[in-house]
Amino acid sequence: MSTPANNGPKSAFSTFNLVAGAIIIVGLIITVIRFTQGIGSVTNLDNNNPWGIWIGFDLLCGVALAAGGYTTSAACYIFGLKRFHSAVRPAILTAFLGYALVVFALQYDLGRPWRLPYPIFYQQGTTSLLFEVGLCVMLYLTVLFIEFTPAMFEWLGWKKVRKVVVKLTLALTIFGVVLSTLHQSSLGALYTIAPSKLHPLWYSPYMPLYFFVSSIAAGMSMVIFEGTLSHKKMHHMMDEEYLKHHDGVVLGFGKATSLVLFGYFFIKMIGLAYDNNWHYLTSGYGLLYMTEMLGFVALPCFLYAVGVRDKNLGLIKKAAIITVLGIVFNRFNVSLIAFNYHLPSSERYFPSMMEIGISVFVVTIGVVVFRFITTRMPIFFEHPDYKSDH
Amino acid sequence: MEAHNLQEYYTFTKGIVYLFMGGALVGVTLFWQFLMGGKAKRDENKKTYGNHH
């Protein structure tokens, strides 16, 4: 097994470990309460609001932000943009962990983990969008795991198995793009079933398209954001090849995201025009909508464009943070804030501290596992035995 | 806008959408030029055509 030579011994009681440890302990306590006392003991969910922050954040945001996996691998292997190759492994790992945690977090909502395979293998609901989402997520998680395994096999020194999996790269990438297109849009389509519950500014028959297009921008922004964080914290794990391509990846992804956000802004405006919802813009929800569209779509689009023109990496990274926050804001608006907008404030949903605690717990697990893998496996560096393969 | 029948409604909404599409054609072209220009492009042009001036 290979580990980089500069990964020296470190104290187990670092600030990161202490904070992460405390969050995980609290998360485990809430987990015990949830699975022994029932969902009502830890959440503010009710019949009006059966889907809360665990769906709005853990699932909708998690899936959108994990879209960096299919966008990066499609750019590299389908569109032949080999200069993005160094970003593929971190993006695939982020996507794999993102989807794995989506499935993990879903268990808190569903409550009976042993029934997880039922909708796929035992009792299919083939007319349900949720069935399609479940099937796609299951298949895509498997695809992401297989796409991730070459790094694991290089670490384990399993050369023959690795060789077989590497040959599947293009097929897996195509399969991954198809599956992502399907389930990213299906998550938006889920909300088309509730035209009377979702505010007209967010409700649109084009929601599947909105969810899919915004996931591309979110995924690419997440690659930039995650790359920036890793650059700061995991710099010692990166080889020259990765560092050499880092700026090019940021510039290239910034350019692409700017174009996608520009297109997204236009299709949102066209949806608004088709449904003739202009009069809602002067209401309170209109202000929220304008904040989302101008502050979290138009602004990062412009910042990305200026950053790319001036080769200003700092500006591109700021735009990436705004876009990531924007996608969270949008998914919260659709699933929580603008959902059930007609209910009196006393009946509106606000997550309990324990619900928020579980979401923080899930994110922390993701960061810890990401850190564990990247400090051991060749994610940010090329394994010396396989350098000639690329 | 007050529509008295479905035809008036669609004439209005589709009219606005056509205006948007026209704006998009111009907007995307201008945005593409803005995005593809800048420092890098200027440096590249200088490298390519620098000796001819």
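Chain identifiers are assigned alphabetically (A, B, ...) following the order of the sequence lines, protein sequences preceding nucleic acid strands; residue numbering begins at 1 within each chain.
None of A/F329, A/F332, A/F265 except one satisfies the ring pair (Phe, Tyr, Trp, His ring centres under 6.0 Å) rule with A/F296; the exception is A/F329.
Contacts of A/Y274 with chain B are made by both backbone and side-chain atoms, with heavy-atom separations under 4.5 Å. Heavy atoms closer than 4.5 Å to chain B are found in both the backbone and the side chain of A/L259. In this structure, the portion of B/F31 lying under 4.5 Å from any heavy atom of chain A is its side chain and not its backbone.
Between A/L272 and B/F20, every side-chain heavy-atom pair lies at or beyond the 4.5 Å cut-off. Between A/Y285 and A/P200 there is no side-chain heavy-atom pair separated by less than 4.5 Å.
Within the 6.0 Å centre-distance limit, the rings of A/H199 and A/Y280 are counted as a close aromatic pair.
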